[in-house]
Amino acid sequence: MLKLAIQKSGRLHEDSMKLLKECGISVSNGANKLKTEATNFPLQVFFLRDDDIPQYVEDGVADLGIAGENVVYEKNKSVKVVEQLGFGGCRLSIAVPRGESYKHIQSLEGKRIATSYPFLTRQYLERNKVNAEIHEISGSVEIAPGIGLSDAICDLVSSGSTLLTNGLKEVETILQSQAVLIRHNSFDLVQQQLLDKLLFRIHAVRKAKNNKYVLLNAPNNKLEEIISLLPGMKSPTVLPLAEEGWSSVHSVLSEDEFWDKIERLKDAGAQGILVVPIEKMVM
Ligand code: ATP
Ligand code: ZN
């Protein structure tokens, strides 16, 4: 049995639950429950504050955890990062009042920086040989300059709208972050086998998300060119259409080359292009 710690509520909760579901693992999310057990996988799920997850995993109270890299690296516990999960994206950035002239990191010399991430902020400043005063505060960091508590802040940013409404501008990115799966430092053979089973499913889910199933009709005299545009898992499937001289081509396209490829397929004479999401993908 593996014990997995996920965020009880907040930005990572829904996506963590969704990932389990997509991996075919059924967990009930009873309100105000501290833990629950999956019905069809040897997994117990603990619902905790995200900040506490690295500690629980270090101690072995939980074998696995899902938390943001920002939290994992800030807490600096002895745990292993197993896998990036592709959700909870944000960045840890330094911001200063918009009117402030800021040239480079040395502009922060002697300044006061408010943050909930003292470890990562200090590390960044030291690496850049800048001396600044770090004020650790636990929330509403973005208002610190406005109330005269600090000259700058170091906080999580995603869209930047919080900075904007508080009259701040982002000047340094110190960490790009997303949710990761972490594990306790030592795993026995049985735990490792269970983790491998879970990872196999996670990879299938993530691969599927990054790919689309494409079906299209092609005139036979354009088949060669169209097929050359489509990689497919091995190579595209080609089936004859009932209409003489035409074929149906099936393939898989990755998200990042998708739009570019679709346009080139159309230009090459493809018609009736259908794009279908893939639920799981096992290579
Ligand atoms: P908890 O009650 O569990 O301590 P919290 O208030 O500390 O919750 P949330 O705001 O739910 O945490 O954020 C959890 C994680 O979501 C962050 O640590 C970060 O990894 C990620 N995240 C993604 N985008 C953002 C964002 N714009 N602001 C803050 N966190 C973000
Ligand atoms: Zn938190």
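As the structure lists them, so they are numbered: ligands from 1, and atoms in each ligand from 1.
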#### Entry: Cation-aromatic face contact R183/F187, 6.0 Å, 45 degrees
yes
### Query
What residues form a ring-ring contact (aromatic ring centres under 6.0 Å, His included) with Y213, not counting sequence neighbours?
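With sequence neighbours excluded, Y213 shows a ring-ring contact (aromatic ring centres under 6.0 Å, His included) to H250, given in chain and number order.
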[atom]: which protein heavy atom is closest, and how many Å away?
{"atom": "atom 2 (O) of ligand 1", "result": "R49 NE, 3.5 Å"}
{"atom": "atom 24 (N) of ligand 1", "result": "C90 CB, 3.4 Å"}
{"atom": "atom 27 (N) of ligand 1", "result": "S158 OG, 2.6 Å"}
{"atom": "atom 31 (C) of ligand 1", "result": "R11 CD, 3.3 Å"}

Please list, in number order, the atoms of ligand 1 under 4.0 Å from a heavy atom of [X].
{"X": "G88", "result": "21 (C), 23 (C)"}
{"X": "G68", "result": "20 (O)"}
{"X": "G10", "result": "11 (O)"}
{"X": "L12", "result": "15 (C), 16 (O)"}
{"X": "N70", "result": "17 (C), 18 (O), 19 (C), 20 (O)"}

Look at atom [atom1] of [X] and say whether more than 12 heavy atoms of other residues, nucleotides or ligands are closer to it than 6.0 Å.
{"X": "E244", "atom1": "CD", "value": "no"}
{"X": "K280", "atom1": "NZ", "value": "yes"}
{"X": "Y56", "atom1": "OH", "value": "no"}
{"X": "E14", "atom1": "CD", "value": "no"}

### Query
What part of D50 sits under 4.0 Å from ligand 1 if we count only heavy atoms: the side chain, the backbone, both or neither?
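Contact part for D50 vs ligand 1: both backbone and side chain.
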#### Entry: ligand 1 contact on Q7 by region, counting heavy-atom pairs under 4.0 Å
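The answer is the side chain of Q7.
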### Message
Does any part of the side chain of V275, heavy atoms only, come nearer than 4.5 Å to the side chain of K212, both counted from C-beta?
### Response
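Yes, side chains in contact.
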### Query
Could you go step by step and tell me if E170 and R91 meet the salt bridge (charged side-chain N to carboxylate O under 4.0 Å, His left out) rule?
CA-CA 11 Å; E170 192 175 353; R91 54 196 189 272; 2.7 Å; yes
### Query
Can you list every pair that meets side chain to side chain donor-acceptor pair (under 3.5 Å) and has a residue in residues 214-227, with sequence neighbours left out?
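Passing the test, one end in residues 214-227: N220-S247.
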### Nearest option to atom 30 (N) of ligand 1, as decided by whichever heavy atom of V157, L156, V71 sits closest
L156
### Presence of salt bridge, K209 and E22, under 4.0 angstrom
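Here E22 pairs with K209 in a salt bridge, since their nearest N and O are under 4.0 Å apart.
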Check for a donor-acceptor pair, side chain of [X] on one end and backbone N or O of [Y] on the other, with a separation under 3.5 Å.
{"X": "N70", "Y": "S177", "answer": "no"}
{"X": "E58", "Y": "S78", "answer": "yes"}
{"X": "D63", "Y": "L2", "answer": "no"}

### Message
Using a plain distance cutoff, I'd like to know if S177 has any nitrogen or oxygen under 3.5 Å from a nitrogen or oxygen of ligand 1.
### Response
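No.
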### Message
Would Y117 count as a polar contact of ligand 1, with the cut-off being nitrogen or oxygen pairs under 3.5 Å?
### Response
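By distance alone, the answer is no.
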### Task
Please check if a non-hydrogen protein atom sits closer than 4.0 Å to atom 6 (O) of ligand 1.
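Protein heavy atoms within 4.0 Å of atom 6 (O) of ligand 1 - there are none.
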### G89 heavy atom under 4.0 Å from ligand 1
yes
### Query
Near the Zn ion (ligand 2), which protein N/O/S atoms are found at less than 2.8 Å?
D50 OD1, D51 OD1
### Task
Apply side chain to side chain donor-acceptor pair (under 3.5 Å) to Y73 and list each qualifying residue two or more places apart in sequence or on a separate chain.
none
